[in-house]
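Below is one structure, written out as structure tokens, with a few remarks after it.
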Amino acid sequence: MYYTTGFRRDEIQDLVAIVYEQDQRDATEARFVLAAGSGLFWFWSVVITLAYLRGNRVQWELAETYGVSQSTVSRAITGVTPLLAQALRSVVPTAEELRADRQYIIDGTLLPCWSWAAVPGLWSGKHRTTGVVVQVAATLEGQLSWISDPTPGSRHDLYCLDQSGALDHLATYPPIGDKGYIGRGMLTPFKKPPGRELLNWQKTFNKSLNHTRATIERVIAHIKTWKVLHTDYRRPYATFKTTISAVIGLIFYTLT
């Protein structure tokens with residue numbers, strides 16, 4: 001079970017309690033979705049949802065694995081995902097919680113989805129695919145500290161960071177970023193000037209900074225072990241933001 005969900009049985013039982021309590025508090029439609037003859041206990045509804053989020057597995061495969069119908073799997077995912085997002089919201093740091101006395105590394109990453117013709121702005125020229133972009137901040141030691149709300153993939157990282165307001169709280173120790181963040185007071189590599197090479201000290205600076213920036217790449221790679229954030233999102237686009245929130249909540253839940 002751990003290798004399909006990322007959680008041990010006792011940890012899943014804790015999540016079941018959290019999700020059930022959230023459902024009772026909110027009296028959401030999910031309660032009726034799960035109760036309407038699905039044949040699943042809360043425990044297995046949460047297990048199926050975690051397995052889906054962890055592996056971005058197709059619903060027919062999950063149905064075969066757990067011995068239920070595809071529609072039952074769909075009801076479980078539809079019911080549990082928003083409850084996870086809501087219940088775990090309190091463990092997800094906001095931009096305002098980034099510490100002014102710490103230095104962070106910031107980078108953007110694309111979370112891909114199918115090409116939804118009805119949703120403009122999802123195409124990312126940088127990544128040559130469709131999706132949404134989030135900004136990620138980590139400490140120099142590699143501790144994940146913050147993930148922004150998603151913005152359409154066509155938006156530049158700089159726009160997304162400005163929209164998040166994160167830089168408003170990090171004036172004391174400028175964050176480290178790549179060349180895409182030049183112009184916001186961050187520590188970024190030098191760009192090669194037109195018609196000449198960088199000076200030796202600039203090359204040394206860039207090499208050192210890029211070595212430090214490698215930390216954020218490892219952090220993002222760890223986030224994307226949740227395959228639903230790494231491979232094309234197949235469910236309706238309207239559910240994507242909630243799914244992202246649920247996974248981010250689970251990521252920070254494991255860090256508490």
Side-chain angles (χ1 to χ4, degrees), residues 1-89 92 111-119 122 129-132 134 149-150 152-153 223-251 253-254:
M1 186 175 296
Y2 175 82
Y3 294 104
T4 55
T5 67
F7 291 89
R8 300 188 308 269
R9 176 176 286 270
D10 60 318
E11 294 172 328
I12 294 174
Q13 289 171 336
D14 290 340
L15 283 172
V16 170
I18 291 171
V19 167
Y20 179 77
E21 289 171 6
Q22 183 66 47
D23 183 55
Q24 296 300 305
R25 284 195 299 270
D26 292 354
T28 62
E29 184 181 355
R31 176 188 303 174
F32 305 106
V33 170
L34 291 172
S38 69
L40 283 176
F41 293 105
W42 276 93
F43 178 84
W44 288 108
S45 297
V46 172
V47 167
I48 285 174
T49 303
L50 292 174
Y52 160 71
L53 297 173
R54 176 64 74 174
N56 198 16
R57 296 167 62 183
V58 296
Q59 293 182 3
W60 280 113
E61 180 193 0
L62 288 168
E64 183 176 276
T65 299
Y66 293 98
V68 295
S69 67
Q70 180 272 333
S71 60
T72 294
V73 169
S74 179
R75 285 195 295 270
I77 295 171
T78 300
V80 171
T81 303
L83 292 174
L84 281 170
Q86 181 67 22
L88 299 177
R89 182 180 296 179
V92 178
L111 312 181
C113 65
W114 280 7
S115 180
W116 298 94
V119 185
L122 291 180
T129 189
T130 49
V132 297
V134 294
D149 291 333
I223 291 170
K224 290 193 171 184
T225 57
W226 292 88
K227 294 297 180 60
V228 78
L229 302 184
H230 183 56
T231 52
D232 279 344
Y233 186 74
R234 294 184 296 268
R235 296 180 65 221
Y237 178 74
T239 66
F240 196 16
K241 185 174 181 179
T242 299
T243 299
I244 293 169
S245 296
V247 175
I248 290 174
L250 288 164
I251 290 169
Y253 175 77
T254 63

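Sequential numbering from 1 along the given sequence is applied to the chain's residues.
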State, yes or no, whether a side-chain contact exists between [X] and [Y] at a heavy-atom distance under 4.5 Å.
X	Y	value
I12	F43	yes
D149	V134	no
Y237	L122	yes
H230	W226	no

Worksheet, complete the sentence: Y253 meets the ring pair (Phe, Tyr, Trp, His ring centres under 6.0 Å) criterion, sequence neighbours left out, with none

Item to complete: Report the residues that fulfil ring pair (Phe, Tyr, Trp, His ring centres under 6.0 Å) with F7, sequence neighbours left out, ordered by chain and then residue number.
Response: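 Checked F7 against ring pair (Phe, Tyr, Trp, His ring centres under 6.0 Å); zero matches.
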
Response to the item:
Sorted by chain and residue number, the side-chain contact (heavy atoms from CB on, under 4.5 Å) partners of T242 (sequence neighbours excluded) come out as T81, P82, A85

Item to complete: Would you please name every residue forming a side-chain contact (heavy atoms from CB on, under 4.5 Å) with V92, sequence neighbours left out?
Response: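 V92 satisfies side-chain contact (heavy atoms from CB on, under 4.5 Å) with I248, F252 only.
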
Could you list all the salt bridge (Lys or Arg N to Asp or Glu O under 4.0 Å) pairs where at least one residue sits in [range], not counting sequence neighbours?
range	answer
residues 47-72	R57-E61
residues 7-19	R8-D10, R8-E11
residues 228-237	none

Distance in Å, [X] [atom1] paired with [Y] [atom2], rounded so as to fall on 0.5 Å steps:
X	Y	atom1	atom2	result
I77	L50	CD1	CG	10.5 Å
I244	L111	CD1	CG	5.0 Å
L229	C113	CG	SG	11.5 Å
L15	T5	CG	OG1	9.0 Å

Contacts of type side chain to side chain donor-acceptor pair (under 3.5 Å), residue [X], not counting sequence neighbours:
X	value
T243	Y233
S69	S71, T72
K241	none
Q70	Q59

Testing the basics here: between [X] and [Y], what is the closest heavy-atom pair and its distance to 0.1 Å?
X	Y	result
V132	P150	CG2-CB, 3.8 Å
A246	L84	CB-CB, 4.1 Å
L62	A51	CD2-CB, 3.9 Å
V16	W42	CG1-CB, 3.9 Å

Worksheet item: Applying the side chain to side chain contact (heavy atoms under 4.5 Å, CB included) test to L83, which of L88, V46, V19 qualifies?
Response: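 Answer to the side chain to side chain contact (heavy atoms under 4.5 Å, CB included) test with L83 among L88, V46, V19: V19.
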
Worksheet item: When you measure from the side chain of T254 to the backbone N and O of I251, does any donor-acceptor pair fall under 3.5 Å?
Response: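 Checked: pair present.
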
Item to complete: Output, in order, the C-alpha distance, side-chain angles, deciding distance and verdict of side-chain contact (heavy atoms from CB on, under 4.5 Å) for V228 and Y52.
Response: CA-CA 8 Å; V228 78; Y52 160 71; 3.8 Å; yes

